[in-house]
Amino acid sequence: MSPRSGMSGMKHRIVVLGAGYAGAYVAGTLARRLDVAEVGITVVNAEPDFVQRLRLHQLAAGQEISAPPLADVFAGTGVRLRLARVTAVDPERRVVAIAESDGASGRGRGDGGSGGDGAITYDTLVYALGSRGATHGVPGVTQHAFDVAARSSALRLRACLDGLDARGDGGSVVVVGDGLTGIETATEIAESRPGLSVTLVARRELGAPLSAGARGHLRRACDRLGVTVLEHTGAAAVEAGRVLCVDGSVLASDATVWTAGFAVAPIAATAGLDVAADGRIVVDRTMRSVSHPDVYAVGDSAHAIGDSGLPLPMSCASAGYTGRQATAAIVARLTGGKVTHTGLEYVGNHISLGRLDGVLQMVDHDAKAKPRFLGGRKAARIKAGILRMSLWTTSHPTFGLPTRRHRLATAPPAPTTKAAVRPVENANGEATRG
Ligand SMILES: Cc1cc2nc3c(=O)[nH]c(=O)nc-3n(C[C@H](O)[C@H](O)[C@H](O)COP(=O)(O)OP(=O)(O)OC[C@H]3O[C@@H](n4cnc5c(N)ncnc54)[C@H](O)[C@@H]3O)c2cc1C
């Protein structure tokens, strides 16, 4: 990666794809650490707001959660916001293809302007497009199930639950998936909407990865909230009004919520970047793509090996660790500094069980649950504090703005990838497609 862009006098163009926990953090921190007179930072995001994904089960259950407009988040930072949907990346030509996003046509355009089909060129790319719900190819999921992996889908579920509540005859909700998101979703809906009957379908014993104590706490919480738990089974198919289980049982369902893990979009794989079997971008210790050194990946999109030697899980904490490491590496490489290794840890899970209960489960070096856990109101309060902190840190990128920003190192303008030909650029530094 050449610090100076190939054309004399041009800024080095950093493009960050995605403004979730990882992307918003990286863009804001780069703007703090680099001189915006020398570096142009553009963030491309499909939605106009910062979505607190960690709380989408709460949104679905009927609670209000704040979503600060990204135009406000980046105001005064020098970061340019582009509201558009990323459709493709061409890492050989260093071009990102974008299309008008639904979010760009509504409120909150801010100074980012609308999307519009087109392309953006970069010198350094930070890929932070996050993840979405994984269907695992189970028939009927796409057509008949809801999910809480994105704000739009969480809102669709909420509208359906509102309708069931309004009917007043005790509709049934089936949550498929006993990962942390499934547990949080089932308990949240049961607590917020006591008129509905909630069933959680679990492939294994409920809370299998947790300690025995935490599993017991979880079971008692489900009993208290009236959540029926079906263990050691899974969904073979989802149909309108019912879920067919692998053990032959059939569950009547007015609203099926699919929470069987996360998957990434195929954009990186299609682009020819080196990806793992699950489509996440394979990165080195500094979050740099192992196949394309101008590309960094962070958050759910990165297949990053943590300090324990195991891949980091898709989580908000991993978004923070990978974002911090990528930022440190990009700044060091652009300014001629030493690339330092920041921590890449996986320390545990915080699980909400409605608003008044929760579980904090720490894990050991091998990602196995430690015997001790914290459950109850204190755990719920700690989780609420973590949620507040993760929102605050990502949505206040100017906090702690240093008085001196690092200048770019001067280096010969030699591209380090196969890219030699650049597309024609317009006045905004955006490329026209052709
Ligand atoms: C209901 C729920 C509860 C969760 N609870 C926890 C928890 O308690 N603890 C925890 O650690 N993790 C939790 N997670 C997981 C956590 O939310 C993710 O790991 C985290 O959001 C990853 O951050 P990210 O920045 O990589 O991706 P995201 O936060 O998903 O951000 C990706 C961004 O990219 C944008 N984007 C995506 N595709 C495109 C595109 N094609 N073009 C333009 N923009 C695009 C999205 O709009 C979004 O702004 C939860 C997830 C869910 C759904």
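This structure is a prediction, so every number in the text was calculated from the model and none was measured. One-based numbering, in listed order, for ligands and for the atoms of each. No hydrogens, no waters, no symmetry mates; every other heavy atom, side chains included, goes into these values.
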Check each N or O atom of ligand 1 against all protein N or O atoms and list the pairs under 3.5 Å, with atom names and distances to 0.1 Å, one per line.
unit_1	atom_1	unit_2	atom_2	d
ligand 1	8 (O)	Lys383	NZ	2.4
ligand 1	11 (O)	Cys316	N	2.7
ligand 1	12 (N)	Cys316	N	3.4
ligand 1	19 (O)	Asp300	OD1	2.8
ligand 1	19 (O)	Asp300	OD2	3.2
ligand 1	19 (O)	Ser315	N	3.2
ligand 1	25 (O)	Tyr21	N	3.2
ligand 1	25 (O)	Ala22	N	2.8
ligand 1	26 (O)	Asp300	N	2.8
ligand 1	30 (O)	Arg53	NH1	3.1
ligand 1	41 (N)	Val86	O	3.1
ligand 1	42 (N)	Val86	N	2.8
ligand 1	44 (N)	Ala46	N	3.1
ligand 1	49 (O)	Asn45	OD1	2.8
ligand 1	49 (O)	Asn45	ND2	3.4

Heavy-atom donor-acceptor pair, Asn45 side chain to Ala19 backbone, under 3.5 Å: yes

Pair Arg280 + Asp278, salt bridge at N-O below 4.0 Å: yes

NZ or CZ of Arg53 within 45° of Phe262 ring axis and under 6.0 Å: yes

Arg215: partners by side chain to side chain contact (heavy atoms under 4.5 Å, CB included), with sequence neighbours left out: Glu205, Leu210, Ala212

Modelled atom types, side-chain donor and acceptor of Gln58 and Gln52, under 3.5 Å: no

Arg355 CZ: over 12 foreign heavy atoms closer than 6.0 Å: yes

